[in-house]
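Down below is the structure, laid out as structure tokens.
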Protein chains: 2
Amino acid sequence: MHVVVPFAAADPKTRLESLLTPAERSRLARAMLADVVETVVETGHEVVIVSTTPLETTALDLEGHVLESISVEVDERSLSDAVNARLPGGDEREQDADIQNGERDAVAVVMADLALATTDALERLFGADGDVVVAPGRGGGTNALVVRHPEFRVDYHGASYLDHCETATAVDATLETLDSFRLGTDVDEPEDLVEVLVHGSASNRTLTCLRRLGFELERSSGRVGIARATPSSS
Amino acid sequence: MHVVVPFAAADPKTRLESLLTPAERSRLARAMLADVVETVVETGHEVVIVSTTPLETTALDLEGHVLESISVEVDERSLSDAVNARLPGGDEREQDADIQNGERDAVAVVMADLALATTDALERLFGADGDVVVAPGRGGGTNALVVRHPEFRVDYHGASYLDHCETATAVDATLETLDSFRLGTDVDEPEDLVEVLVHGSASNRTLTCLRRLGFELERSSGRVGIARATPSSS
């Protein structure tokens, strides 16, 4: 299965600008991308990072065997257009090896900010039946999906999960929803950082990045929040 | 497996007071309780609602076969104390039938505001291995858990998920985390209502309640929100 990871390389994560400088947001976004890409590769699939601007993968702190399984394609179009071109039946898929080999043509799209994605969660996603399989995010978003139907197209604007359900029905594609907290957690808003601090593993780059930036869980009050100490400079 | 559903009957859901009157919050809380209880019963388990005040289950809009599988125990203690008394080895479990019959003693605790709980998600929870199985909520909460270890005790204050991980280690109990968006969604804050409007099924009482109160999804902007029209009076 091809796995597409779209990445907005320029000025990422603007909804975190109350907490982080542009350079810090860029650093965090790349840490999340590295976590996502590595986790996908650990499931045995190749990754195509579709980036809005050129991207040096060697700067992503990935091991050699992971770097060998990823490639970068620069696409300046909107997120939806860039993804649609790479779905089954899309413009960029005409000479696809999967089709030539007669395999079932499937493409997965995994957002680059799913910092808590695990191989277990991704394997459930990739293995789920359905012409379209969606892992919804909070607020009606679409955090990850698998597309096996040549007429299904994405539209990430607004309540994309509901739009995708409707689109699947319109093209007569079966749709499954994947029930995953980890894939449902995209890191967009300040409160999402709490989830990384709570659930990130010791090897999670995103967690390490946040800690280096001085963030830690604030557990003294009844509710959990984040606190920021003096950030390190590196 | 015994399934405990704690219910704060008096003045529930105070974090929704910016949107709902006390009477409306009470109505919503009871709709959520009915959804949760019915879903648990559909998995084939008996439910004990542990309520802070007396509760008329016949007012919960449940079918007869569901009512037959639930009982109510009034317990004025704190949430943690009331739950701990009912865990394996707890004060209220000395004469437990499971122990007398030699079955493995297991108790599940499912929060009453998991309005999007499905039988699939609950069966994954109940069927997961581990002396303790936790379904975390947003912000480090513990939304549902299964306890099979006689020394494990809950503490719902603060970042309870992390506390429960530490407690499991301290009593030498194995701990599993259940990855579920649906069990991870407890309805506490105004933004949580969006999740019910997006993911609630046609038969979901909580969704019906919200719609009757005039809430609907606001999908015109880039992000999804909620809008409230004239509420109905019934």
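For clarity, every value in this text was computed on a predicted model and none was experimentally measured.
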From the list B:Gly141, B:Ala135, B:Pro136, B:Ala121, the residue making the most non-hydrogen contacts under 4.5 Å with chain A is B:Pro136
So, the side chain of B:Glu195 versus the backbone of A:Gly139: is there a donor-acceptor pair under 3.5 Å, distance only?
-> yes
Donor-acceptor pair between B:Arg212 and B:Thr208 side chains, under 3.5 angstrom | no
Side chains of A:Tyr156 and A:Ser78: is there a donor and an acceptor less than 3.5 Å apart?
-> no
Part of B:Asp163 within contact of chain A (heavy atom distance under 4.5 Å) | both
Side chain, backbone, both or neither: which part of A:Leu217 has an atom under 4.5 Å from a heavy atom of chain B?
-> side chain
Looking at A:Thr177, A:Val198, A:Asp179, A:Leu178, which one has more heavy-atom pairs under 4.5 Å with chain B than the rest?
-> A:Asp179
B:Thr21 versus B:Arg25, side-chain donor and acceptor atoms under 3.5 Å = no
Most chain B-contacting option - heavy-atom pairs closer than 4.5 Å, from A:Thr185, A:Leu162, A:Val194 | A:Leu162
Indicate the ring-plane relationship of B:His199 and B:Phe181, choosing parallel, tilted or perpendicular according to the 30° and 60° boundaries.
-> perpendicular
